[in-house]
Participant: 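Mind having a look at this structure? Questions to follow.
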Amino acid sequence: MTSMSDSLLNYRSQFPILERTNYMISNSLGAMPRGVYNAMEAYADIWANRGVCAWEERWWMLALEVGNEIGAIMNAPKDSVSVHQNVAACQAVVASCFDFTGQRNKIVYSDMNFPSVMYFWEAQRQYGARVHMVKTDDGVHVPLDRMLDAIDEQTLLVPMSHVVFRSAFINDARAIIEKAHKVGAHVVLDTFQSLGTVPVDAQALNVDFICGGVLKWLCGGPGVGYLYVRPDLGKKLEPKFTGWFAHENSFDFAIGPIRYADPPYRFMNGTSHVPALEACRPGLKIITEVGVKNIREKSKRQTARLIELADHHGWRVNTPRDPEKRGGTVSIDMPDSKNVCQELLAREIMVDWRPKAGVRFSPHFYNTDEEIDSALSAVAAILREKERAVPA
Ligand SMILES: Cc1ncc(COP(=O)(O)O)c(C=O)c1O
C-alpha cells in the first residue's frame, strides 16, 4: 500500500509532533492530539469561571464518562470501567477486594509482566500471598503450558499482560481465563500494550478484571489508568482501598464504615484526577473514530515490514514472527543497540530501548511506510558510521 492510499494518514495533521519527528514510540507515549490544547483551556476556563460549581456541572461525572469512553473501546458494558492514576493503583484496588490468609492465596504471573505489576504482587507476600512466577525461556514468549499448569485450585488471581511490553508477544488470554475459571481463580488482564492497537473484547473474553492506561496506544497522555470489573463481580466485591468517591452517597459525609456505591464509583477511592481525565478525551475520540480493527490491520502490515527490513540487515528480532501473536511493537536487537537508540533519538527518530529487548519500534495508525523505511535506513547508517569510527 502506498501512503497515498492509506486513509488513516488523514489523521496525521491532528498530531503536531509528526510535523517535526519520525514518531515511532506509541508503545511508550502516544503522540498528543492537537485537541488537547482546547481541552486544557476549557479545563482552566471552567475552574477559573465556575470554581467549585465545576464539580456539579462537569467534574463529578467525568470519571464515569471517561470510563465509558474507554469501556466502549473494549466492548465493556456501560458503567463497568472506573478510572485511576495508573496500573499499580488498579492492582491495589483489585488486591484489596481479596483476602490472602486462606488456602486460596496463590498469585500466578509471568516474569514478562510489567514491573509495576510484579513489584506490587511480590510486595503482597507479607500479607499472605504466595507468588508463583512463570519464567520465559527466550525472553519473547510466555510458555502457555507452564502458565496453565501453574493455575490450580489454590490460585486466587492471575495478573497477566495481554501484550508483553518487551517483545509484543500476545498472551493467549482466552486459554488462561478458561483455565482460571475452571479452578475458581480470577484473571487481571493488563491491556496497556493492547487496547488501541490490538482488539480487546471484555465480554467475549469473559475476563474478571481488565486494567491499563491511556498514554500509549490510546494517545491519552499520562495520569489515567482504567479498571474494568465484570458486572457480576462489580456488584459484590468490596474494595478495602476505598474513599469518599466510592460511597453510595458521598455528600452525606457519613461517619463510620463505607456503604458502597454501584460500579464504577464503587472501585474508585479519593478525589478524581480531573485534568488528566480532560486531557485524555481527544485521543480516545480519535481512536474510537479510526477504529481498532483498522489500526490492527495497518499495524500487522507495518510490523511485518519492520521485521522484513531487520532480517534483510541480519539484526536479531525479539518479537514473534506470527502476526497473530504479535502486538504493535517490533523489538530489534542490532549490534550496540543501546547506543544506536541514543543516536536515533538525536536524529529525531523517536524510539526507545529496553534491556533484553533492544530498540522498540512502534508505528501507529499515523505513521507512513516511508517513516519505517527511513528509521531502519538510519540504523544502518549509524552502524556504518560506528564501524568507520573504530580505529584500525
Ligand atoms: C504492560 C504494561 N503495564 C503497565 C505499565 C505501566 O504501569 P503503571 O501504570 O503502573 O505505571 C506499562 C508501561 O508503562 C506496560 O507496558
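Ligands are counted one by one from 1 in listed order, and the atoms in each one are counted from 1 as well.
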Participant: Could you give the distance from OG (Ser13) to CD (Glu19), rounded to the nearest 0.5 Å?
Facilitator: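 It comes to 8.5 Å.
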Participant: Please examine the side chains of Ser26 and Phe365, heavy atoms only from C-beta on, and report whether any two atoms are closer than 4.5 Å.
Facilitator: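 Answer no - side chains too far apart.
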Participant: Is it true that a side-chain atom of Lys240 and a backbone atom of Glu238 form a donor plus acceptor pair closer than 3.5 Å?
Facilitator: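 Yes.
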Participant: Just checking Phe15 against Tyr366, ring centres under 6.0 Å apart?
Facilitator: yes
Participant: Answer yes or no on whether Lys325 is positioned over the face of Phe169, meaning its NZ or CZ is under 6.0 Å from the six-membered ring centre and within 45° of the axis.
Facilitator: no
Participant: Asp152: what forms a salt bridge (charged side-chain N to carboxylate O under 4.0 Å, His left out) with it, not counting sequence neighbours?
Facilitator: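 Applying salt bridge (charged side-chain N to carboxylate O under 4.0 Å, His left out) to Asp152 gives Lys106.
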Participant: Pairs of nitrogen or oxygen atoms, one from ligand 1 and one from the protein, closer than 3.5 Å: please tabulate them with distances.
Facilitator:
| unit_1 | atom_1 | unit_2 | atom_2 | d |
| --- | --- | --- | --- | --- |
| ligand 1 | 3 (N) | Asp190 | OD2 | 2.6 |
| ligand 1 | 9 (O) | Val87 | N | 2.8 |
| ligand 1 | 10 (O) | Val87 | N | 3.4 |
| ligand 1 | 10 (O) | Ala88 | N | 3.0 |
| ligand 1 | 10 (O) | Ser116 | OG | 2.7 |
| ligand 1 | 14 (O) | Lys216 | NZ | 2.9 |
| ligand 1 | 16 (O) | Gln193 | NE2 | 3.0 |

